Asker: 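One structure is given below, represented as structure tokens, and several questions about it will come after.
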Protein chains: 2
Amino acid sequence: MASIKDVAAEAGVSVATVSRVLNDHPSVSADARTRVLAAVETLGYRPNAVARSLRTDQTHTLGLVISDVLNPYFTELARSVEEEARALGYSVIIGNADERPELQDHHVRNLLDRRIDGLLVSPTDGGSPLMLDAARAGTPMVFVDRWIPGVDVPVVRADGRAAVRDLVAHLHGLGHRRLAIIAGPAATTTGSERVEAFREALAEYGIPLPDAYIGQGDFQAESGRRVTEGFLDLAEPPEVVFAADNLMALGALDAVRARGLRVPCDIALAAFDDIPWFVHTDPPITAIAQPTGELGRAAVRALVDRIEGRPPQSVTLPARLVVRRSCGENPEQNQNPEQNQRPAQNQSRAQNENPEQNRSTS
Amino acid sequence: MASIKDVAAEAGVSVATVSRVLNDHPSVSADARTRVLAAVETLGYRPNAVARSLRTDQTHTLGLVISDVLNPYFTELARSVEEEARALGYSVIIGNADERPELQDHHVRNLLDRRIDGLLVSPTDGGSPLMLDAARAGTPMVFVDRWIPGVDVPVVRADGRAAVRDLVAHLHGLGHRRLAIIAGPAATTTGSERVEAFREALAEYGIPLPDAYIGQGDFQAESGRRVTEGFLDLAEPPEVVFAADNLMALGALDAVRARGLRVPCDIALAAFDDIPWFVHTDPPITAIAQPTGELGRAAVRALVDRIEGRPPQSVTLPARLVVRRSCGENPEQNQNPEQNQRPAQNQSRAQNENPEQNRSTS
DNA sequence: CCTCAGCATGTAATCGATTCCACGAGGAGG
DNA sequence: CCTCCTCGTGGAATCGATTACATGCTGAGG
């Protein structure tokens, strides 16, 4: 691989001049510039990013540690993050924690060792010493989707409170009174907040949320299945199961089907996080949709602001309820079935990326 | 951030000794070793991977350029790649090409600039000059899923021929005679091969594959929708649509639903690439499943073999047909409906990794 | 008691860039 | 004509590691 020295030799100038041309420093003669560029061309020279990073102490790389690549929500988040980062001149290295704190730490350590310029994290747990140290040490960092309370790091996330209230209103309107939730790990903010929002919304209707109706999941499909089986085994099973993410909803669907039961006749189902497939499941699943793409972009902007010395901003965007048929039909409100309400092109990747809708930032 | 010099000062030794301790070189006294380790501990020192890479000319990093992160198939592939790489002591940087050749080139260039040790690619097109040059220049490289003919690079992929034949047998058995396919880009091997396999299988039953029944897609949902609409507009629309990937199947489903038609009564649907959601779509979708996890692992092993000087091996694994209900019911063969055949726990991420089940492929 | 092997250690070169500083040439201004 | 500033350029230090080579010390063997 040709180095800057080879280019310098080929062009008959010093390495300093080559470097200046490459970083278009003003003080280079037109003659030298053309000779250097010609040499670069003939040698097929590409600057060594490793060497450059060592010298400048900048990698122009962001780390993104997500909880689970197999979850379409995070996949979409990752895509928008990479897109925005690329637009701002950064690359992204993704670490997949698989909802396992030790794997999360592995990736954080790895990214830090590589001297990434900043870190985007959706923490799997309440915060390992490693991550807390990194935050305290001043590593540019932004939390996205989930966050760790008490740490001075900007947070970019969706607020699902209003949407959960809408969901409960919808369920109540359909006559459901026994409502259960499959929660995420209590150590995650999304794990506990969604339960709280659900409980509060139920309270408005005077409906309690007994412990038996709070299943402890881990955001993975298998836990959704296990918890749902527990619900179905109760003396008085719930009429509705609300899964705190889409994978647990998938698991719930599996469990219901394994019993030979049907959604929504035998039991209703709703999920947090909307995905294109929910339109085509049997039945189409009512879900709370986050403005995922917008969140990813906002998170990158906040992180890059922080990196480049501008004050970063926390952002909270509202989630919204998307009613489909998995909770039952309401002949009154539901004269517009969802398949007409959500036009077809929305189910492509452009979904949720309409910035003009539902904006309310803090 | 503490450097090796700080550690050396703290421990009262030279940087060489520190380096030797860190790389556990035999020739270090026990005393020096403990002093160095203590210094490392108190300073919270972590070696700078950038500097190390510059010196050793190894990054212990693999690049993975996939065609589309939003496609669950590639997402699962990426996960298994990262897993195996981690087990072998490598990190992975993922580049998402979004099926766009210029974006693919962007990522390849970026990864090469970062001096990754090797490249795993699922090419979006027939091979850009950049990629061909890289291959010729001796960059360790392995193609996964798709490949570029005429380039001397190991290929790890699934052979869908037998499964496609099984599919056509299944469709023929159900009485279908007008079979159409939504193809991928002709510039990709999977784009053209799947059409060829389909055509050959049809030929065995004396069924032609007219041009009108070959829709040109690009592996994205939107193209599946467009092509399917074209099929439905034909004077004699097909009885079956076979989508060459799961996203185009999603688009096809959207198109069918937009017309108010039903699968499989009005039109049957099958897809290449199985995903967990296909179990729960309306109706469950018959698909050809690849051993995705195994492919990812084999690809990493081949690449690391190449990097570490062992001869890499191309690998081809068989895909298999998973019959569900989207092509119609066959009262004869189908007395075991799919939901019982595929036990619930299979729909988690462990899916497809159970070699023993549902094997109806050669 | 001398020699030499081998071990522990340090000094310094090196990887490929960026960048400070010095220097010479040339032009403007006095 | 001299001075000084600007511009283009090159030399060399530097980033943080690894590693070849040199050196001093210890102990075994003759």
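A quick note: this is a predicted structure, and the numbers were derived from the prediction, not measured. A, B, ... follow the sequence lines: proteins, then strands. Residue 1 opens every chain.
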Asker: CG of A:N23 versus P of C:dA17: gap in Å, rounded?
Answerer: 11 Å

Asker: Side-chain N or O of B:S19 versus OP1/OP2 of D:dT18: is the shortest distance under 4.0 Å?
Answerer: yes

Asker: Rounded to whole angstrom units, what separation is found between the OH atom of B:Y45 and the C1' atom of D:dG16?
Answerer: 7 Å

Asker: Using atom CG of B:D31 as one end and atom P of C:dC7 as the other, report the distance to the nearest whole Å.
Answerer: 18 Å

Asker: Within the 3.5 Å criterion, strictly below it, is a donor on A:E82 or B:N96 matched to an acceptor on the partner's side chain?
Answerer: no

Asker: If you pin A:V18 and B:A51 to their nearest nucleotides in DNA chain C, which one's is more 5'?
Answerer: B:A51

Asker: Which listed nucleotide (C:dG16, C:dC15, D:dT9) is nearest to the side chain of A:I4?
Answerer: C:dG16

Asker: Base, sugar-phosphate, or nothing: which does A:A32 touch, judged by heavy atoms less than 4.0 Å apart?
Answerer: sugar-phosphate

Asker: Between OG1 of B:T124 and NE2 of B:H107, what distance do you get to the nearest 0.5 Å?
Answerer: 10.5 Å

Asker: From C:dG10, D:dT9, C:dC15, pick the nucleotide closest to the side chain of B:R55?
Answerer: C:dC15

Asker: Over how many whole Å does the gap from A:H25 atom NE2 to D:dT6 atom P extend?
Answerer: 14 Å

Asker: A:R52 CZ to D:dG16 C1': how many Å, rounded?
Answerer: 18 Å

Asker: Quick check: do B:D6 and B:Y45 have side-chain heavy atoms less than 4.5 Å from each other?
Answerer: no

Asker: Looking at C:dG10, D:dG8, C:dA17, which one has an atom nearest to any side-chain atom of A:P47?
Answerer: C:dA17

Asker: Rounded to whole Å, how long is the line connecting atom CG of B:L54 with atom P of D:dC15?
Answerer: 14 Å

Asker: Give a yes/no answer on whether the side chain of A:N48 brings an N or O atom under 4.0 Å of OP1 or OP2 in C:dC15.
Answerer: no

Asker: Measure distances between side-chain N and O atoms of B:R20 and base N and O atoms of C:dG10, and say whether any donor-acceptor pair falls under 3.5 Å.
Answerer: yes

Asker: Please work out if B:V50 contacts a base, only the sugar-phosphate, or nothing of the nucleic acid, heavy-atom cut-off 4.0 Å.
Answerer: nothing

Asker: Should B:S27 be listed as having a side-chain N or O under 4.0 Å from OP1 or OP2 of C:dA8?
Answerer: yes

Asker: Measure the distance from CG on B:D24 to P on D:dT18 and round it to the nearest whole Å.
Answerer: 11 Å

Asker: With a 4.0 Å cutoff (strictly under), does any side-chain N or O of B:S3 reach OP1 or OP2 of D:dC15?
Answerer: no

Asker: Compare the minimum distances between each of C:dT11, D:dG10, C:dA8 and the side chain of B:A16, then state the nucleotide with the smallest one.
Answerer: C:dT11

Asker: How many Å lie between CE on A:M1 and C1' on C:dA17, as a whole number?
Answerer: 15 Å

Asker: Apply salt bridge (Lys or Arg N to Asp or Glu O under 4.0 Å) to the pair B:E99 and B:R146, showing each step before the final yes or no.
Answerer: CA-CA 12 Å; B:E99 301 288 0; B:R146 312 179 183 174; 2.9 Å; yes

Asker: Would you say the side-chain atoms of B:T75 and A:T75 include a donor-acceptor pair closer than 3.5 Å?
Answerer: yes

